[in-house]
Amino acid sequence: MVNIRKAKKDDAQTLVNLIKGLAIYEKLEEYAIASSEDIELTLFCDNPKVFALIAEVNDEVAGFALYFFNYSTFLGKHGVYLEDLFVKPDFRSKKVGFELFKALADVAKEYDCGRIDWAVLDWNQLAIDFYDKIGANAQTEWTGYRLEDDSLIRLQEM
């Protein structure tokens with residue numbers, strides 16, 4: 001049986017380990033530099049802006065979902081943005097991802113959110129198939145953009 005619970009401060013290192021597992025899976029390990037202190041300061045501070053759910057199977061950590069609230073001007077409602085979802089390889093096909101999504105749907109309902117949004121790497125067919133199976137709709141008309149590092153600094157100096 002899958003148990004989903006809110007992450008707590010004691011889970012900071014566990015979350016770092018899960019994030020590293022996700023980074024390895026996504027072939028982005030060199031970018032996963034968050035420390036347990038970073039996680040404690042951002043998720044477990046007085047006024048957090050990001051939250052996490054932990055999935056457990058038989059008291060063993062099986063995965064996590066990390067999310068924050070966004071806003072849709074068109075809907076006039078908040079939404080949930082799923083930043084990361086990761087299920088350890090040994091727990092895939094055991095409904096862990098499904099239960100994490102159900103828990104996110106509960107969060108969306110609790111806060112009267114209009115939707116849940118997320119992005120997926122275009123090569124991650126396993127995830128895409130899962131999202132299709134749960135009834136998600138790919139948003140192919142949008143192109144993601146990002147400002148970071150030198151380009152962010154240059155913009156600030158303009």
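- Put simply, the side chain of Lys6 does not reach to within 4.5 Å of the side chain of Phe51, judged on heavy atoms.
- By the criterion of side-chain heavy atoms lying less than 4.5 angstrom apart, applied directly or through intervening Ile, Leu, Val, Met, Phe, Trp or Tyr residues, Ile24 is not grouped with Val96; the two fall into different hydrophobic clusters.
- Heavy-atom neighbours of Asp129 CG from other residues, nucleotides or ligands within 6.0 Å: above the threshold of 12.
- Between Asp11 and Lys9 there is no salt bridge, since no side-chain nitrogen of the basic residue lies less than 4.0 Å from a carboxylate oxygen of the acidic one.
- Between Phe98 and Phe130 there is a side-chain heavy-atom pair separated by less than 4.5 Å.
- Residues Leu53 and Phe64 have side chains not in contact (no heavy-atom distance under 4.5 Å, counting atoms from C-beta outward).
- Contact annotation: the side chain of Leu43 approaches that of Leu66 to within less than 4.5 Å [non-hydrogen atoms, C-beta and beyond].
- The structure places CZ of Phe44 at 9.0 Å from NZ of Lys8, a figure rounded to the nearest 0.5 Å.
- Note on Ile116 and Val87: same hydrophobic cluster, where clusters join Ile, Leu, Val, Met, Phe, Trp and Tyr whose side-chain heavy atoms are under 4.5 Å apart, directly or indirectly.
- Val61 is not connected to Val2 by any chain of hydrophobic side-chain contacts under 4.5 Å among Ile, Leu, Val, Met, Phe, Trp and Tyr, and they are in different clusters.
- What you find for Ala34 and Ile39 is that their closest heavy atoms are CB-CD1, 4.4 Å.
- Atom CG of Leu28 sits in a crowded spot, with more than 12 heavy atoms from other residues, nucleotides or ligands closer than 6.0 Å.
- Minimum heavy-atom separation, Val57 to Ala62: CG2-CB, 3.9 Å.
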Evaluate the criterion side-chain contact (heavy atoms from CB on, under 4.5 Å) for residue pair Ile54 and Leu15; output intermediate values, then yes/no. CA-CA 8 Å; Ile54 302 277; Leu15 286 166; 3.6 Å; yes
Please determine whether side-chain contact (heavy atoms from CB on, under 4.5 Å) holds for the pair Leu75 and Arg115, giving the CA-CA distance in whole Å, both sets of side-chain angles, and the decisive distance to 0.1 Å. CA-CA 9 Å; Leu75 294 178; Arg115 62 188 181 204; 4.2 Å; yes
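- One finds the CD atom of Glu29 at 13.0 Å from the CD1 atom of Ile19 (value rounded to the nearest 0.5 Å).
- Taking every heavy atom of both residues into account, Ala65 and Leu82 meet most closely at CB-CD1, 3.9 Å.
- Closest heavy-atom contact between Val16 and Ser36: CG2-N, 3.4 Å.
- No chain of hydrophobic side-chain contacts below 4.5 Å, direct or via other Ile, Leu, Val, Met, Phe, Trp or Tyr residues, connects Leu126 to Ile134.
- Between Cys113 and Val80 there is a side-chain heavy-atom pair separated by less than 4.5 Å.
- Going from atom CH2 of Trp123 over to atom CD of Glu26 covers 6.0 Å, rounded to the nearest 0.5 Å.
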Worked verdict on Tyr81 versus Tyr67 for side-chain contact (heavy atoms from CB on, under 4.5 Å): CA-CA 5 Å; Tyr81 189 85; Tyr67 65 95; over 6 Å; no
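- With rounding to the nearest 0.5 angstrom, the CG atom of Asn17 is 12.5 Å from the CG atom of Leu22.
- Geometrically, Arg92 engages Tyr25 in a cation-pi contact, judged by NZ or CZ lying under 6.0 Å from the ring centre and within 45° of the ring axis.
- Atom CD of residue Glu99 and atom CG of residue Asn3 lie 9.5 Å apart, to the nearest 0.5 angstrom.
- The heavy-atom pair separating Asp122 from Ile128 by the smallest distance is O-CD1, 3.8 Å.
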I'd like a table of donor-acceptor pairs (distance under 3.5 Å, sequence neighbours excluded) in which one partner is a side-chain atom from residues 141-148, with atom names and distances.
none

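- Listed here is the closest heavy atom pair of Leu100 and Gly63: CD1-C, 4.4 Å.
- Within the 4.5 Å cutoff, side-chain heavy atoms of Leu85 are placed close to those of Phe101.
- Counting only heavy atoms from C-beta outward, the side chains of Asp106 and Glu110 never approach each other to under 4.5 Å.
- Contacts classified as salt bridge (charged side-chain N to carboxylate O under 4.0 Å, His left out) and involving residues 31-45 (residues at least two apart or in different chains) are not found.
- In this structure, Lys102 and Ile4 have side chains that are not in contact, with every pair of non-hydrogen atoms separated by 4.5 Å or more.
- Here salt bridge (charged side-chain N to carboxylate O under 4.0 Å, His left out) pairs that include residues 49-61, with residues two or more places apart or in two chains, are Arg5-Glu56.
- The environment of OH in Tyr71 is crowded: more than 12 heavy-atom neighbours from other residues, nucleotides or ligands sit within 6.0 Å.
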